[in-house]
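Values below: every heavy atom of this structure, side chains too, minus hydrogens, waters and symmetry copies. Numbers for residues simply follow the sequence, beginning at 1. Whatever order the structure lists them in is the order used to number ligands and atoms, beginning at 1.
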Amino acid sequence: MRTFRNPVLPGSHPDPSICRVGADFYLVTSSFAYYPGIPLFHSRDLVHWRQLTHVLNRPEQLPLNGLDVSDGIWAPTIRQHDGTFYVVSTLARNRRGSLTFVVTADDPAGPWSDPVPLDADGIDPSLFFDDDGRCWFTACRDANSSNGPGELWLRELDTDRLKLVGPTHVLWHGAVRGAWVEAPHLYKRDGRYHLIAAEGGTESNHSVTAAHADAVTGPYVTDPRSPLLTHRHRGPDEPIHNVGHADLVDTPDGETWAVTLGVRPIDGTHTLGREVFLVPVTWTAHGPVFAPETGAVRLSERLPSIASGQSTAEPAFGLEWNSLRGPVDIRPSPNGFDLRVGPEPLSTLGVPAFVGRRQQHVRCHVRARIGFAAAHPAEEAGLVVFQNQDHHVTLALTKDTVVLTVREAGTSSRVATMPVTENEVVLTIEADEAGYTFCHNETSLGTIERSFFSTERAGGFVGVYLGLYATSNGHPSGSRAHIRSFDYQPR
Ligand code: 6LW
């Protein structure tokens, strides 16, 4: 049997949503307070994905300033109908939905429209186009009854005016209860409406549950097989945990596959964030059956019948780079890039002079050659392993030292310094299951244990980013850090 390796999108890519147009699959994921927002990927075989663009790549589409890294853009859904692509998503603040919106495009590579706000409570919006062309919007919110804590609701979307119209229908309160029912998606199969959702929270009790109805507005009947997919009952030797938040797609030759999020803990903690896993699905009279042969998400899975095993995807060009909450001043210069020093430290909720990419492999190596002449003792530039604004480690060149600094619980602690005389240094990070080792010109300044960067320790919804930064820590500055090279290699 020919197989592929899961996850198909490693690194922090939570809440996947997928759609197909002809032979082309498109997938979007959450992006939180990273800028640009909502990475959009393309594939022809479901296994190999290439990033096409970001859906939100203009600052006016994306007001992220002041937000915690795990707030911001949550759980987008992508659909296509009659030549128009739609993405619905929510801007979260203080871990709650604050604005749900829709954006549209004729071409998934963009340009995408400015967000059109929808009059919708809650989070995890989705769209379903029925056979008659009507479009139905679903989302989850706090329950308005004692059936709670959460409920899934539905309203029609007028796609000409991009407005929710008609009555609100409360569809379902979930199968498992106790925790919010979220991540709804609707599908129609043999005349019946199938609703899937995530329950149990996005951590170890995560799961996919289902209900069905004969009319799109309900009443919905719980699928008694729920949860249809979960790893909540699997022991610590299971390599994949926290499985849930799925979306389904049919291939041109009639298979169905699910994309779902999951994590890969080591000794109980995970650092790479919630990743995208591909799971086979079959349909029976009862509804979808996830992973019919094993009931589980697996690291090695049989290839979709449309896939050859060979990648036709070309590497994306530079789209893996993000900043925090807004664009930063980084520009090409002779032999590299210049990153303009910013006043914001990495610990604030503003836009620090930071650019980074997801860590996608537990074992990896980062090497950067950085030229920097600090004009003030408060100025620093270097590498960062970034989990969130209050949980990161920097290896920086200052006026006359290289400094290793750990940020946690509101405090920055210098754990090692090394004098330097030159203005250009090679900084490296070696990461593996045990920890992250920080070196200057091949000499170690120290190792920080891997679990420090884990979601279990730091909280929140994101995985680790590896990046470059330059700050004057509040002082006026005209300095620039010269990035001669930055190299990320899996090991
Ligand atoms: C996502 C929701 C969730 O919108 O986390 O815990 C949110 N559940 O489904 C952010 O990924």
Side-chain angles (χ1 to χ4, degrees), residues 7 9 11-18 27-34 37-39 55-56 64 67-78 87-101 118 120-127 137-143 148-153 172-174 176-186 195-209 227 229-232 241-247 258-263 270 272-277 358 387-388 455-456 458-465:
L9 270 182
S12 186
H13 292 107
D15 312 324
S17 170
I18 190 167
L27 185 152
V28 290
T29 68
S30 298
S31 54
F32 305 97
Y34 284 99
I38 311 187
V55 171
L56 305 174
L64 297 172
L67 295 184
D68 181 276
V69 172
S70 285
D71 286 328
I73 297 297
W74 282 9
T77 294
I78 185 165
V87 169
V88 283
S89 182
T90 303
L91 182 75
R93 226 172 256 283
N94 300 321
R95 302 293 194 270
R96 293 187 65 81
S98 80
L99 175 74
T100 290
F101 59 86
L118 297 174
D121 279 353
I123 59 169
D124 294 2
S126 182
L127 297 178
F137 173 97
T138 57
C140 65
R141 65 183 184 193
D142 286 327
E151 67 189 21
L152 304 183
W153 62 278
W172 196 43
H173 295 85
V176 180
R177 312 288 172 95
W180 257 47
V181 55
E182 46 195 8
H185 291 301
L186 266 175
L195 178 62
I196 65 167
E199 286 188 64
T202 194
E203 289 153 4
S204 58
N205 291 326
H206 213 198
S207 64
V208 179
T209 57
L229 182 70
T230 187
H231 282 190
R232 54 166 66 180
H241 281 275
N242 304 12
V243 166
H245 203 127
D247 194 10
V259 285
T260 181
L261 72 80
V263 303
H270 74 279
L272 302 191
R274 296 174 292 163
E275 309 178 288
V276 180
F277 293 80
R358 291 164 182 83
Q387 168 36 263
N388 66 37
T455 301
E456 288 76 8
F461 291 139
V462 296
V464 167
Y465 267 64

A.B. asks: side-chain hydrogen bond (donor to acceptor under 3.5 Å, both in side chains) with E203: which residues, sequence neighbours excluded?
C.D. replies: none

A.B. asks: Could you walk me through whether R95 and D68 pass side-chain contact (heavy atoms from CB on, under 4.5 Å), step by step?
C.D. replies: CA-CA 9 Å; R95 302 293 194 270; D68 181 276; 3.1 Å; yes

A.B. asks: Atoms of ligand 1 less than 4.0 Å from T202 heavy atoms?
C.D. replies: 6 (O), 8 (N)

A.B. asks: Name the residue from I123, L64, L56 that meets the side chain to side chain contact (heavy atoms under 4.5 Å, CB included) definition with L91.
C.D. replies: L64

A.B. asks: So, does R274 sit close enough to ligand 1 that a heavy atom of it is under 4.0 Å from the ligand?
C.D. replies: yes

A.B. asks: What atoms of ligand 1 come within less than 4.0 Å of a heavy atom belonging to A75?
C.D. replies: 4 (O)

A.B. asks: Could you tell me whether some N/O pair between H245 and ligand 1 is separated by less than 3.5 angstrom?
C.D. replies: yes

A.B. asks: Using a distance-only test with no angle check, is there a side-chain donor-acceptor pair under 3.5 angstrom linking D15 and H245?
C.D. replies: yes

A.B. asks: Taking all non-hydrogen atoms of both residues, which atom of S98 and which atom of R93 are closest, and how far apart?
C.D. replies: OG-NE, 3.6 Å

A.B. asks: Which residue and atom name correspond to the protein heavy atom nearest atom 8 (N) of ligand 1, and how close is it?
C.D. replies: E182 OE2, 2.9 Å

A.B. asks: Do any heavy atoms of W180 fall under 4.0 Å from ligand 1?
C.D. replies: no

A.B. asks: Give the atoms of ligand 1, by number and element, whose distance to some non-hydrogen atom of D124 is under 4.0 Å.
C.D. replies: 1 (C), 2 (C), 4 (O), 9 (O)

A.B. asks: Suppose we measure from atom 10 (C) of ligand 1 to each protein heavy atom; which comes out shortest, and what is that distance?
C.D. replies: D15 OD2, 3.4 Å

